[in-house]
Every structure is written in structure tokens, then in C-alpha cells.
Amino acid sequence: MNELLPIVETFHSVQGEGIWLGTNTFFIRLGGCDVGCPWCDTKISWNAKRHPQRSISDLVTDALKASPWMVVITGGEPLMHDLTALSTALKEQGLRVHLETSGAHPFTGEFDWVTFSPKQFKPPHPSIYDRVNELKVVVKYPEDLVWAEQNAQQVSAKIGQFAQYLQPEWDTPSSKDLILQYVLQHPEWRFSLQVHKYLGVR
């Protein structure tokens, strides 16, 4: 477990969005992202070279100390890295391991839950679609709703309607009403908010 990965941060908090909202969670944020969302709220993560390399054994130790209900591997775009060793090491210690990804790179690793947030800026790799447990699409403009439906067609039969989320882009107030009206007309979708931002926690 001496393999090194670029780590933006690790922290212990609650999951702020999606099905596992409010759950005791240890987050591992990996450095590196080539998707390039202009509204990204973690642009600091994009350049992996700016972040320290940490060993998998150290990350597992920190996760165990937190005693979380689950560990979330996020980014950046975590699938830029081979996640096999990290996810396996966490699971071998009895930890429940979740992944948050745009799916823009080939799928690696073993996970108990995969939250898929596809982005038009770098379309998903085909290997993601059979792994998805939860679909979350960030919406800023009406055309993002079309993108959401296109991806839902590829995963909805597996995940069911209660795991399909539309999430407003934080800095675009009009996106909230856009999603609200859409969800009221399309009950297979759910409205997702980044509750941690309202609470003022990470």
C-alpha cells in the first residue's frame, strides 16, 4: 500500500447531496481533472502536480480514525487514476467505499456505490454506464436537461427513478426554477441541492 496519489484534501463531514444526504462520511479528494467545467467549485483540484503525494496506507489509516459510515473518493476527476489499489485497501478494512465521478475515463476500482455526474465538456467513457447507482446532472441551461435525459436512457433501467437527480449550478439562480418546473413535469427526476453549502460545512 505504498502507492502514492495526489491528494487535494481529506476531511470528515456529512454527505451534502444525493441519496446519502446527511450521512457520516470521510472524503478523499484526488488531484487532477481534465473535464474543465467552467462553473467548477473545486478548480484548485485540476492540476494534480500542485498537490502532495500521499500513500494509500496513510489514507486508509486516516479514514479508519474517522470511523465514518462511508468513504467517498472524489475529485477533481478521480478516474484519471487507477483506483483499484485504493478502493481495495479501504474495503479490506471493512469500510464502505463510494465514488463520485464524471465517468470521463475508463472505470477502475471496486465500489459499494457510484454517483455518476456526466459532463458535456468531456463525455463519459462507455465503461461507466454498467457501474452507476445514482445519476446526478448539474443544470445551468435548458440544454443541460436534454443531456440529462440522454444519460438517463443509458442507466435508468438499472438505477430506477429515485436515483436520478438534477442539481442547479450554484452561481446561476435561474437554474433552480428551471429544475423545479422540469421535475414537476417529469416525476422520474428528483431535485438535488448542495445542502453542505447552505450549512456552511465542507
(message) Determine whether Leu5 and Ile56 satisfy the following criterion, side chain to side chain contact (heavy atoms under 4.5 Å, CB included), listing intermediate values before the conclusion.
(response) CA-CA 7 Å; Leu5 291 167; Ile56 289 176; 4.2 Å; yes
Name every donor-acceptor pair, under 3.5 Å, that has one atom in a side chain of residues 177-186 and the other anywhere in the protein, sequence neighbours excluded.
from: Tyr182; atom 1: OH; to: Glu149; atom 2: OE2; distance (Å): 2.6
from: His186; atom 1: ND1; to: Tyr182; atom 2: O; distance (Å): 2.9

Of all the heavy-atom pairs spanning [X] and [Y], show the shortest one and how long it is.
X      : Y      : value
Asn24  : Pro68  : OD1-CA, 3.4 Å
Ser192 : Gly18  : OG-N, 3.9 Å
Pro38  : Phe121 : CD-CZ, 3.3 Å
Trp189 : Ala152 : CZ2-CB, 3.7 Å
Pro6   : Ala48  : CB-O, 3.7 Å
Cys40  : Trp46  : SG-NE1, 3.5 Å

(message) Keeping Glu134 on the side-chain end and Ile19 on the backbone end, is there a donor-acceptor pair under 3.5 Å?
(response) yes
(request) May I ask you to decide if Lys136's main-chain N or O and Ser117's side chain share a donor-acceptor pair within less than 3.5 Å? (result)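 Looks like yes, one N/O pair under 3.5 Å.
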Any side-chain heavy-atom pair of [X] and [Y] under 4.5 Å:
X      : Y      : answer
His51  : Val8   : yes
Leu79  : Leu99  : yes
Leu90  : Ser87  : no
Phe26  : Ser67  : no
Leu30  : His81  : yes
Ile73  : Phe111 : yes
Asn133 : Thr115 : no
Phe27  : Gln15  : yes

With sequence neighbours excluded, tell me which residues meet side chain to side chain donor-acceptor pair (under 3.5 Å) with [X].
X      : value
Thr23  : none
Ser102 : Glu77
Asn47  : none

(message) Within this structure, what is the CD-CG distance for the pair Gln53 and Asp58, rounded to the nearest 0.5 Å?
(response)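 It comes to 12.5 Å.
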(message) Does atom CG (Asp130) have a neighbourhood of more than 12 heavy atoms from anything else shown, all under 6.0 Å?
(response) no
(message) Take a 6.0 Å sphere around CZ of Phe191 and say whether it holds more than 12 heavy atoms from other residues, nucleotides or ligands.
(response) yes
(message) Strictly by salt bridge (charged side-chain N to carboxylate O under 4.0 Å, His left out), give each pair with a member in residues 62-72 just once, sequence neighbours left out.
(response)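 Sorted result for residues 62-72: Arg54-Asp62.
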(request) If a pair satisfies salt bridge (charged side-chain N to carboxylate O under 4.0 Å, His left out) and one of its residues is in residues 94-121, list it, with sequence neighbours excluded. (result)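 Residue pairs with at least one partner in residues 94-121: Lys91-Asp112.
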(request) For Ser175 and Glu169, test the side chains for any donor-to-acceptor distance below 3.5 angstrom and give the result as yes or no. (result)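 There is no such pair between these side chains.
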(message) I'd like to check the ring pair (Phe, Tyr, Trp, His ring centres under 6.0 Å) partners of Tyr129; sequence neighbours left out, ordered by chain and number.
(response) Phe116
(message) Run the ring pair (Phe, Tyr, Trp, His ring centres under 6.0 Å) test against Trp20 and tell me which residues pass, sequence neighbours left out.
(response)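 With neighbours one apart ignored, the set is Trp69, His98, Trp113.
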(message) Test of understanding: with salt bridge (Lys or Arg N to Asp or Glu O under 4.0 Å), list the residues that count as partners of Asp144, not counting sequence neighbours.
(response)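 Partners of Asp144 by the salt bridge (Lys or Arg N to Asp or Glu O under 4.0 Å) criterion come out as none, since no residue qualifies.
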(message) Among residues at least two apart in sequence or on other chains, which ones pass salt bridge (Lys or Arg N to Asp or Glu O under 4.0 Å) with Arg29?
(response)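 Listed in chain order: Glu9.
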(request) State which residues pass side chain to side chain contact (heavy atoms under 4.5 Å, CB included) with Ser174; sequence neighbours excluded, sorted by chain then number. (result)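 In terms of side chain to side chain contact (heavy atoms under 4.5 Å, CB included), with neighbours along the sequence ignored, Ser174 is linked to Thr172.
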(request) For Pro126, check side chain to side chain contact (heavy atoms under 4.5 Å, CB included) against everything at least two apart and list the hits. (result)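 Per chain and number, Pro126 pairs via side chain to side chain contact (heavy atoms under 4.5 Å, CB included) with no residue.
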(request) Identify whether Met80 and Ile7 are in the same connected component of the hydrophobic contact network (ILVMFWY, side-chain heavy atoms under 4.5 Å). (result) no
(message) As a quick check of understanding, evaluate side chain to side chain contact (heavy atoms under 4.5 Å, CB included) for Leu145 and Val139, giving each step before the final call.
(response) CA-CA 7 Å; Leu145 297 169; Val139 173; 4.0 Å; yes
